[in-house]
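Below is one structure, written out as structure tokens; the observations come after it.
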Amino acid sequence: MDPMSNDAITVLLGGYAAKRCPVRVHNDYSPAVPTVQWEPPPEDQARFEAGLAFEIKVFAAIVAAVPGAVVVDQWLRKTEAIEATTRAMDESVPVILGGWLPDDHEGGRTGRPDILIRAGAGYVPGDVKHHSTVKPTKKTTALVSALTAPAELTSVVGWSSATNHRPDDGMQLAHYTRLLQACERHAGLNRLFGGIVGTSVLEPDGPLVMVWHCLTDPLIETFSRRDGTKKRSLLERHDHEHGFRVKVAQQALRITGQPGDPESLVVPIGQAECDTCPYGDYCSAVMGEDDPSHAITIGRLDRREWLTLRALGIDTTNVLADIDLDDDWFAEYAAEVTHHTPAQARKRLAAAVERAGMIRTGVTTTRPSTGQ
């Protein structure tokens, strides 16, 4: 059965899933994973509250500036919110804030973009993020619009939208674009753009702006064993990551903790995201204290590097601490991590080996090199 066919789709993933760890999706859907009781750390809660306050500020600014803009009541039930959103789109409302788009059952998507902007005969998505959206440059341009006229795009010289946030922001905009296409309310193939209202301004004490991203430009460098390193668009990247997580969720639904369960498509690997994930403690227990990806929290390797080490039998901190990078197996390792140059792969692995040795001996700091 085609995993993306109507019969196979049994999950609906939101706009954050494609940019999160796929193990989190597995844990959300597998009946064998216990429900976790989790409260975000105070600093994460403070960040969430600051983001919510910023969103309220942006919504108020747009409502005050754009005649006819509407806000969908956040307390409506999902079905009611979807009805209110589609009704507003049918009435060609210029800007819809806090809407909820119809579920895309065929594509396995659900979502509620912060902003929907009328463009031509349809809509394009926007989102509000409490972070920077542009950075100053000498030669490049950024595509922006004023909150008073969000559909009127202008190129500004001396700015770039290529911030560290662009990949994640763009993936979310791609998700909402696919939802709009699925319900036949997208503005069209010539308007595959999405906008982000962030904290950046183009002049001191100037107004906030919406920064636009082309979702079809090849912007993100990706790696695969088959294709090697290649630049892909935000839409391509989203479609790949989302499609994989749909498969992960479908498989997870079949894993109930009983004999005969299928294998999970993903396994926990320690990474920075674990620190703010509800399943952090659960995955830690699954990995075990001596799993090097769990034990090493400074100078972490990436997911592909850890999986390659596991495949080579290097699956504990003790084993990692004892390896010799001059052994023959390193060539096999380097062949699987070609998203790094051989020199980079060696340097990164050498640092992980050193860190594993420090953990084993209880050393927490190293003496800085004198260069002698």
Side-chain angles (χ1 to χ4, degrees), residues 15 50-102 111-134 141-156 159 161 169-170 172-173 175-177 179-215:
L52 182 59
F54 182 69
E55 180 182 289
I56 293 171
K57 172 185 173 182
V58 170
F59 280 17
I62 293 175
V63 168
V66 180
V70 301
V71 180
V72 176
D73 186 348
Q74 64 172 316
W75 301 112
L76 290 176
R77 292 179 298 177
K78 179 178 179 178
T79 54
E80 295 171 335
I82 290 174
E83 289 173 1
T85 304
T86 54
R87 184 167 56 251
M89 289 191 290
D90 290 342
E91 294 172 356
S92 300
V93 169
V95 178
I96 305 166
L97 303 169
W100 201 322
L101 291 171
R112 47 190 318 177
D114 292 333
I115 309 173
L116 291 168
I117 301 153
R118 184 76 180 178
Y123 285 84
V124 292
D127 224 35
V128 180
K129 297 294 182 184
H130 194 223
H131 58 231
S132 60
T133 50
V134 290
T141 62
L143 201 60
V144 306
S145 61
L147 298 192
T148 54
E152 298 178 14
L153 281 58
T154 303
S155 292
V156 290
W159 295 92
S161 61
D169 290 349
Q172 207 166 338
L173 293 170
H175 183 90
Y176 299 139
T177 295
L179 278 168
L180 282 165
Q181 291 174 328
C183 66
E184 300 183 348
R185 286 178 170 83
H186 188 262
L189 295 178
N190 62 331
R191 289 187 171 93
L192 287 171
F193 288 83
I196 299 290
V197 180
T199 57
S200 297
V201 295
L202 304 183
E203 57 188 51
D205 300 321
L208 296 173
V209 295
M210 177 168 282
V211 177
W212 291 87
H213 301 278
C214 178
L215 303 180

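The shown structure was predicted, so the numbers you read here are calculated from the model rather than taken from an experiment. Counting begins at 1 with the first residue of the sequence.
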Next item on the list: Enter the distance from H213:NE2 to S161:OG here, rounded to the nearest 0.5 Å.
Entry: 5.0 Å
Next item on the list: Report yes if some heavy atom in the side chain of V66 is under 4.5 Å from a heavy atom in the side chain of P150; otherwise report no.
Entry: yes
Note to self: What I'd like to find out is whether the side chain of E80 reaches to under 4.5 Å of the side chain of V72, using heavy atoms alone.
What the structure shows: no
Next item on the list: State, to 0.1 Å, how close H131 and D169 come at their nearest heavy-atom pair, and which atoms those are.
Entry: NE2-OD2, 2.9 Å
Check: Side-chain contact, heavy-atom cut-off 4.5 Å: W159 with V144?
Finding: no
Note to self: To check you understand the geometry: which heavy-atom pair defines the closest contact between V93 and G68, and what is its length?
What the structure shows: CG1-O, 3.3 Å
Item checked: Nearest heavy-atom neighbours spanning G99 and R112 -> O-CB, 2.9 Å
Margin query: Would you compute the distance between atom OG1 of T199 and atom NZ of K57 and round it to the nearest 0.5 angstrom?
Written below: 9.5 Å
Next item on the list: State the CH2-CD1 distance between W212 and I117, to the nearest 0.5 angstrom.
Entry: 3.5 Å
Next item on the list: Would you please test L101 and H175 for side chain to side chain contact (heavy atoms under 4.5 Å, CB included) and show each step?
Entry: CA-CA 11 Å; L101 291 171; H175 183 90; over 6 Å; no
Check: Going by heavy atoms in the side chains, are Y176 and L116 under 4.5 Å from each other?
Finding: no
Checklist line | Nearest heavy atoms of V63 and A69, plus distance in Å | finding: CA-CB, 4.4 Å
Next item on the list: Might you confirm whether atom NZ of K78 has over 12 heavy atoms from other residues, nucleotides or ligands at distances under 6.0 Å?
Entry: yes
Item checked: Qualifying side-chain hydrogen bond (donor to acceptor under 3.5 Å, both in side chains) pairs, either residue in residues 182-192, two or more places apart -> D90-R185
Note to self: Would you say that V70 contacts E91 through its side chain, given a criterion of any heavy-atom pair below 4.5 Å between the two side chains?
What the structure shows: no
Notebook entry, point to check: Going by heavy atoms in the side chains, are L173 and F193 under 4.5 Å from each other?
Noted result: no
Notebook entry, point to check: When rounded to the nearest 0.5 angstrom, what is the spacing between CD1 in I196 and OG1 in T133?
Noted result: 8.5 Å
Item checked: Nearest non-hydrogen partners of Y123 and R118, listed with the distance -> CE1-NH1, 3.2 Å
Check: Looking at CH2 of W100 and OG1 of T79, how far apart are the two atoms once the value is rounded to the nearest 0.5 Å?
Finding: 9.5 Å
Notebook entry, point to check: Any side-chain heavy-atom pair from V211 and S200 closer than 4.5 angstrom?
Noted result: no
Notebook entry, point to check: Do L208 and V201 have side chains that get closer than 4.5 Å, going by heavy atoms?
Noted result: yes
Margin query: Within this structure, what is the OG1-CG distance for the pair T85 and L97, rounded to the nearest 0.5 Å?
Written below: 10.5 Å
Check: What pair of heavy atoms forms the shortest contact from L215 to G170, and how long is it?
Finding: CD2-O, 4.1 Å
